[in-house]
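Notes for the one structure printed next.
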Amino acid sequence: EPFCSIITNYFIGGIKMERHVLSVLVRNSSGVLTRVSGLFARRGFNIDSLTVGRTENPEISRMTITLNGNEDVLEQFTKQLNKLEDVLRVLKLKSDNSVYRELVLIKVKADAEQRAAVNEVVKIFRSKIIDVSPETLTIELTGDESKISALIKLLEEYEIKELVRTGVCALERGANDITDYCEIFN
């Protein structure tokens with residue numbers, strides 16, 4: 001399956017590897033993304049996904065970083081992140097206490113005969129057709145990783161021409177926010 005992969009837990013050499021989602025507040029300054037991604041490269045960490053955007057405060061950006069590794073890898077990476085001058089806060093988001101979402105755009109081959117069938121799949125997933133051409137449909141879906149992967153799997157039979165995913169965006173559930181854990185905001 002070329003477009004689908006959900007790996008949350010696996011073992012390498014008897015060591016349990018898990019998916020971790022970090023929410024990282026950084027100063028919204030030139031080069032901060034380069035410094036964070038360079039940290040990954042220098043230490044040999046592999047990023048599963050990385051999303052970045054401004055927060056409600058234009059001087060601060062939030063990075064949502066998804067990586068796979070054991071607890072030691074996570075601890076080492078978190079310590080390295082905290083050493084960076086532009087990093088204000090690192091918070092590990094727990095799946096049972098957080099909301100994860102991702103956006104996917106999928107361009108699928110769909111001539112006049114296939115459009116009705118593709119449209120039925122789109123409706124089932126509550127996704128949207130956002131562009132139409134004589135040979136293709138472009139579909140937008142926001143959801144968790146399993147929902148997006150399920151849609152991709154169903155659309156593969158119509159020939160996926162192009163696909164792009166944003167990576168995970170995540171927030172902690174409830175009234176707490178990342179600044180509650182950080183003395184620089186209090």
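Given the structure is predicted, the values throughout are model-derived calculations rather than measurements.
Counting only heavy atoms from C-beta outward, the side chains of Leu33 and Leu50 approach each other to under 4.5 Å. Contact annotation: the side chain of Asp48 never approaches that of Val168 to less than 4.5 Å [non-hydrogen atoms, C-beta and beyond]. Looking at Arg115 and Val132, their side chains come closer than 4.5 Å, going by heavy atoms from C-beta outward. For the pair Leu84 and Val36, the minimum side-chain heavy-atom distance is below 4.5 Å. For the pair Leu163/Leu155, no side-chain contact is recorded, criterion being any heavy-atom separation below 4.5 Å from C-beta on. Between Leu137 and Tyr158, every side-chain heavy-atom pair lies at or beyond the 4.5 Å cut-off. Within the 4.5 Å cutoff, side-chain heavy atoms of Asn82 are placed close to those of Val87. Residues Arg62 and Leu171 form a side-chain contact, since some pair of their non-hydrogen atoms from C-beta on lies under 4.5 Å apart.
Rounded to the nearest 0.5 Å, atoms OG1 (Thr142) and CZ (Arg101) are 9.0 Å apart. One distance of note links CD of Glu71 with CD of Glu18; it measures 5.5 Å at 0.5 Å rounding. Atoms NZ and CD, from Lys79 and Glu75 in turn, are 4.0 Å apart once rounded to the nearest 0.5 Å. Atom CG of Leu25 and atom CG of Leu88 lie 6.0 Å apart (nearest 0.5 Å). Annotation: the span from Glu135 atom CD to Asp111 atom CG amounts to 9.0 Å, rounded to 0.5 Å. The structure places OG1 of Thr136 at 11.0 Å from CD of Glu159, a figure rounded to the nearest 0.5 Å.
Nearest heavy-atom pair across Pro58 and Asn28 is O-ND2, 3.0 Å. The heavy-atom pair separating Leu81 from Leu39 by the smallest distance is N-CD2, 3.7 Å. Heavy atoms only, all atoms of each residue included: Leu93 and Ser98 are closest at CB-OG, 3.4 Å. In plain terms, the two heavy atoms of Ile148 and Gly143 that are nearest each other are CD1-O, 3.7 Å. Looking at every heavy atom in both residues, Glu145 comes nearest to Arg165 through CG-NH2, 3.8 Å. Considering all non-hydrogen atoms of both residues, Met63 and Val52 come closest at CG-CG2, 3.8 Å.
Donor-acceptor pairing under 3.5 Å is recorded for the side chains of Ser146 and Asp144. Side-chain contact annotation: Thr66 with Arg19, donor-acceptor N/O pair under 3.5 Å absent.
For Arg35, the side chain to side chain donor-acceptor pair (under 3.5 Å) partners at least two apart in sequence or on another chain are Asp86.
Linking ILVMFWY residues whenever their side-chain heavy atoms come closer than 4.5 Å, directly or via other members, places Leu154 and Ile106 in the same cluster. Residues Ile124 and Ile130 are members of separate hydrophobic clusters, defined by side-chain heavy-atom contacts under 4.5 angstrom among Ile, Leu, Val, Met, Phe, Trp and Tyr. Ile152 is not connected to Leu103 by any chain of hydrophobic side-chain contacts under 4.5 Å among Ile, Leu, Val, Met, Phe, Trp and Tyr, and they are in different clusters.
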From CA spacing to verdict: side-chain contact (heavy atoms from CB on, under 4.5 Å), Ile160, Val108: CA-CA 4 Å; Ile160 294 174; Val108 87; 4.3 Å; yes
Pair Asn97-Glu172, side-chain contact (heavy atoms from CB on, under 4.5 Å): steps then yes or no | CA-CA 6 Å; Asn97 195 32; Glu172 191 173 30; 3.4 Å; yes
Q: Before giving the answer on side-chain contact (heavy atoms from CB on, under 4.5 Å), spell out for Leu151 and Ile139 the whole-Å C-alpha distance, their side-chain angles and the decisive distance to 0.1 Å.
A: CA-CA 10 Å; Leu151 175 64; Ile139 299 153; 4.3 Å; yes
_Lys153 vs Glu156, test: salt bridge (Lys or Arg N to Asp or Glu O under 4.0 Å). Steps then yes/no._
CA-CA 5 Å; Lys153 187 173 176 78; Glu156 283 176 344; 5.8 Å; no
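Not a single donor-acceptor pair under 3.5 Å links the side chain of Arg27 to the backbone N or O of Val32.
Within 6.0 Å of the NZ atom in Lys92, the count of heavy atoms belonging to other residues, nucleotides or ligands exceeds 12.
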